[in-house]
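Below is one structure, written out as structure tokens; comments come after it.
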Amino acid sequence: MSDWLGLEGQRVVIAGGAGGFGSALTAAFAEHGARTAVIDVAPGDHIQADLRDGDAARAAIAQAREALGGGIDVFVHSVGINNRKPVGEYSDSEWDAILSVNLTSAFHTAQAVLPGMRARKHGRIVFFSSVAGRSAHRNHGPYAATKGAINQLTRVMAHEAAADGVTVNAVAPGYMDTELTRQYLADHPGYREQLISLIPAGRFAQIEEVVGPVVFLCSRRASFINGTVLYIDGGRSVL
């Protein structure tokens, strides 16, 4: 295929790319000729690290940089967890866990990749936000707080790094039709229909409908898109 996106030979690091959506994202970059390194907390054939810890995150990014030949052109942070319940029912440890996985790990890893990108005057960083970072969804308190913070981290980093040829954006998906989503909805009869009623498109996103925009934002074609939170939600966020 032609290299319309300009990703051939680009060095891509994906945090949280070992399973599920991350695997689809890794495969999409490889399809476009990029060289990829994956960091995940789960054991497997990738760089294993707990990115909540700053030292571990910096070491993992250094290992990925070395594996890719000394540089990182693209960084995607797709690490995240959620625990749905009313705000008043979260324990201190549950709050800390969601914030450290969703937000602190994003900060540590992006902080580690940014200097090299700025020195080379080129780089793409994409964070994963959510429609919950904009809309007040019940039973998503800590999760929503992290995604709202990701939106602001995206904007601030985009402002700081723009003059050095680095773009920083976020994608904010709604519900995707994944195995985890199907398992959750199976335990909550009627919730699928309730959610779909809030989506103008009348359905959940397919994985490839989120993968495509992420890959585009990391490409040379998106060189003037910076500080944007791209909602991939079938129109839910406009209501």
Side-chain angles (χ1 to χ4, degrees), residues 15-16 20-22 24-25 75-90 94-107 109-110 124-162 167-178 180-181 184-185 188 191-218 222 224-239:
F21 176 80
L25 190 58
F75 174 68
V76 180
H77 183 273
S78 63
V79 178
I81 61 171
N82 195 6
N83 184 0
R84 298 172 177 85
K85 62 175 71 175
V87 167
E89 296 182 10
Y90 287 95
E94 289 171 329
W95 167 265
D96 290 342
I98 294 172
L99 262 69
S100 62
V101 171
N102 295 4
L103 180 59
T104 303
S105 71
F107 175 78
T109 48
R124 302 281 185 269
I125 295 174
V126 175
F127 295 116
F128 266 73
S129 180
S130 166
V131 292
R134 177 184 184 277
S135 303
H137 298 162
R138 297 174 60 185
N139 300 325
H140 283 68
Y143 179 82
T146 63
K147 297 308 181 179
I150 286 289
N151 293 349
Q152 283 301 95
L153 180 63
T154 296
R155 296 181 181 109
V156 171
M157 288 183 62
H159 191 182
E160 293 179 351
T167 66
V168 185
N169 294 290
V171 293
Y175 271 91
M176 284 188 285
D177 188 16
T178 65
L180 286 177
T181 300
Y184 177 78
L185 293 176
H188 298 79
Y191 193 39
R192 172 184 286 271
E193 290 72 21
Q194 179 184 341
L195 290 173
I196 288 178
S197 71
L198 299 173
I199 305 171
R203 61 178 178 85
F204 293 162
Q206 298 299 307
I207 288 178
E208 60 270 19
E209 292 177 307
V210 178
V211 167
V214 174
V215 172
F216 174 75
L217 286 174
C218 295
F224 211 59
I225 302 174
N226 198 23
T228 293
V229 179
L230 176 62
Y231 291 91
I232 311 172
D233 60 2
R236 183 177 181 181
S237 58
V238 305
L239 301 180

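Every heavy atom of this structure was used, including side-chain atoms; hydrogens, water molecules and symmetry mates were not. It should be emphasised that the depicted structure is a prediction, and the values quoted were computed from it without experimental measurement.
- For the atom pair OG1 (Thr104) and CD1 (Ile98), the distance works out to 12.0 Å, reported to the nearest 0.5 Å.
- Taken from CG in Leu217 to CD1 in Ile125, the straight-line distance is 12.5 Å, to the nearest 0.5 Å.
- The side-chain heavy atoms of Tyr231 and Val238, taken from C-beta on, include no pair separated by under 4.5 Å.
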Practice prompt. Kindly determine whether Tyr184 and Asn82 satisfy side-chain contact (heavy atoms from CB on, under 4.5 Å), including the steps that lead there.
Written response: CA-CA 12 Å; Tyr184 177 78; Asn82 195 6; over 6 Å; no

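- Residues Phe128 and Ile150 come closest through the heavy atom pair O-CG2, 4.0 Å.
- Listed here is the closest heavy atom pair of Thr167 and Ala222: CG2-O, 4.4 Å.
- Judged by distance alone, the side chain of Ser100 and the main-chain N or O of Ala97 form a donor-acceptor pair under 3.5 Å.
- Listed by chain and number, the residues in a side-chain hydrogen bond (donor to acceptor under 3.5 Å, both in side chains) with Ser105 are His77 (sequence neighbours excluded).
- For the pair Ile207 and Asp177, the tightest heavy-atom approach, listed with the atom from each and the gap, is CG1-O, 4.4 Å.
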Item to complete: I would like to know whether Tyr143 and His137 meet side-chain contact (heavy atoms from CB on, under 4.5 Å); could you show each step before the answer?
Response: CA-CA 10 Å; Tyr143 179 82; His137 298 162; over 6 Å; no

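- Between the CE atom of Met176 and the CG atom of Asp233 there is a distance of 12.0 Å, given to the nearest 0.5 Å.
- Here CD of Glu94 is found 12.5 Å from CG of Leu99. Values are rounded to the nearest 0.5 Å.
- Between Thr228 and Thr154, the closest side-chain pair of non-hydrogen atoms is not below 4.5 Å.
- Proximity of Phe127 to Val229: side-chain heavy atoms (C-beta onward) are nowhere separated by under 4.5 Å.
- Side-chain contact between Tyr175 and Arg236 is present, with heavy atoms from C-beta onward closer than 4.5 Å.
- Within the 4.5 Å cutoff, the side chain of Leu185 has heavy atoms near those of the Leu195 side chain.
- Contact between Ile81 and Asn102 at its shortest, heavy atoms only, is N-OD1, 2.8 Å.
- In this structure, Ser129 and Pro173 approach most closely via the heavy-atom pair O-CD, 3.5 Å.
- Summarising the geometry of Tyr90 relative to Gly141, their closest heavy-atom pair is OH-N, 4.1 Å, with the distance given to 0.1 Å.
- Atom CG of Asn151 is separated from atom CG of Asn169 by 11.5 Å, given to the nearest 0.5 angstrom.
- The side-chain contact (heavy atoms from CB on, under 4.5 Å) check on Ala145 picks up Trp95, with sequence neighbours excluded.
- With sequence neighbours excluded, no residue forms a side-chain hydrogen bond (donor to acceptor under 3.5 Å, both in side chains) with Asn139.
- To the nearest 0.5 angstrom, Tyr191 atom OH is 10.5 Å from Thr181 atom OG1.
- Taking 4.5 Å as the limit, some side-chain heavy atom of Cys218 sits within range of a side-chain heavy atom of Val126.
- Residues His140 and Lys147 have side chains not in contact (no heavy-atom distance under 4.5 Å, counting atoms from C-beta outward).
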